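So the structure is just underneath, and the comments pick up after that.
Bear in mind the structure is a predicted one, so any value in this text is a computation, not a measurement. Within every chain, numbering begins at 1; the chains are lettered A, B, ... in the order of the sequence lines, protein sequences first and strands thereafter.
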Amino acid sequence: EAGVVQSPRYKIIEKKQPVAFWCNPISGHNTLYWYLQNLGQGPELLIRYENEEAVDDSQLPKDRFSAERLKGVDSTLKIQPAELGDSAVYLCASSSGRNTEAFFGQGTRLTVV
Amino acid sequence: GESVGLHLPTLSVQEGDNSIINCAYSNSASDYFIWYKQESGKGPQFIIDIRSNMDKRQGQRVTVLLNKTVKHLSLQIAATQPGDSAVYFCAESKPSGSARQLTFGSGTQLTVLP
């Protein structure tokens, strides 16, 4: 069974440019998470989806970040415009319910120059 | 605010020795605690979990201990191997809607020396 798939693995962009990340969760997982991970830190939640509904986006900087999960499967996370401080690893995870673990993708490492 | 923190940012152990990684948590509402292992360039990988109504759980070469009185969690790795070198995160979880809210600590870098 394929795990959580994210793309791209790496992205380098200039500041003020837009960028998008894509996540394909494990088949059948209705919960999808986007986390931000700075170097040496633990992942921090940006947004959580239950199917296609964003149920926890309190930590998402809505002035520049947006996310969508059309049809409750794949999800995209967008930053527009990117800032130098957005350089980090963006992790996607999915789970199938309250009593199951969350499985993580390999992440997208974003570098803003 | 809510937080999950680790006592030590780095830990070095000799191959074959036992490793102990500690974690403090602050949210009494968390009912589930998880240890994740993260190797360089990879996402966090589940190692072992423990529910708040337990104080010990054993897996293959790993044991998690939970002390709710002092809000302390530890991960013990027996006979540490080079492949155990990674960053280890504790995370606390509580029910949120039909899923769970997962909060991570800042991690401990474990280095296994030959």
TODO: Grab the two heavy atoms, one from B:P44 and one from A:L91, that are nearest each other, plus how far apart they are.
DONE: CD-CD1, 3.8 Å
Task: Rounded distance [0.5 Å steps], OH in A:Y35 versus CZ in B:F104 - done: 5.0 Å
TODO: Side chain from CB out, backbone as N, CA, C, O: work out which of these in B:Q38 comes under 4.5 Å of a heavy atom of chain A, or both, or neither.
DONE: side chain
Task: Within 6.0 angstrom of A:K62 NZ, more than 12 heavy atoms from elsewhere - done: yes
Open item on the list: Report, in residue-number order, which members of residues 74-82 of chain B are under 4.5 Å from chain A by heavy-atom distance.
Closed with: none
Task: Structural part of B:I34 lying under 4.5 Å from a heavy atom of chain A - done: neither
Open item on the list: Can you list the residues of residues 105-113 of chain A that sit under 4.5 Å from chain B, counting heavy atoms only?
Closed with: A:G105, A:Q106
Open item on the list: Ignoring hydrogens, what is the shortest heavy-atom contact between A:E101 and B:F46? Give both atom names and the distance.
Closed with: OE2-CB, 2.9 Å
- [ ] Identify the heavy atoms of B:L102 and A:A102 that sit nearest to each other, and give their distance.
- [x] CD2-CB, 4.2 Å
Open item on the list: To the nearest 0.5 Å, what is the distance between CZ on A:F103 and CD on B:Q45?
Closed with: 10.0 Å
Open item on the list: Using a 3.5 Å distance criterion without hydrogens, assess whether the side chain of A:R9 forms a donor-acceptor pair with backbone atoms of B:G41.
Closed with: yes
Task: Side chain / backbone / both / neither for A:E50 at chain B, heavy atoms under 4.5 Å - done: side chain
Task: From OG1 (A:T31) to CZ (B:R100), nearest 0.5 Å - done: 11.0 Å
Open item on the list: Evaluate A:Q37 against B:F89 for side-chain contact (heavy atoms from CB on, under 4.5 Å), listing each step before the verdict.
Closed with: CA-CA 12 Å; A:Q37 185 174 27; B:F89 294 98; 3.3 Å; yes
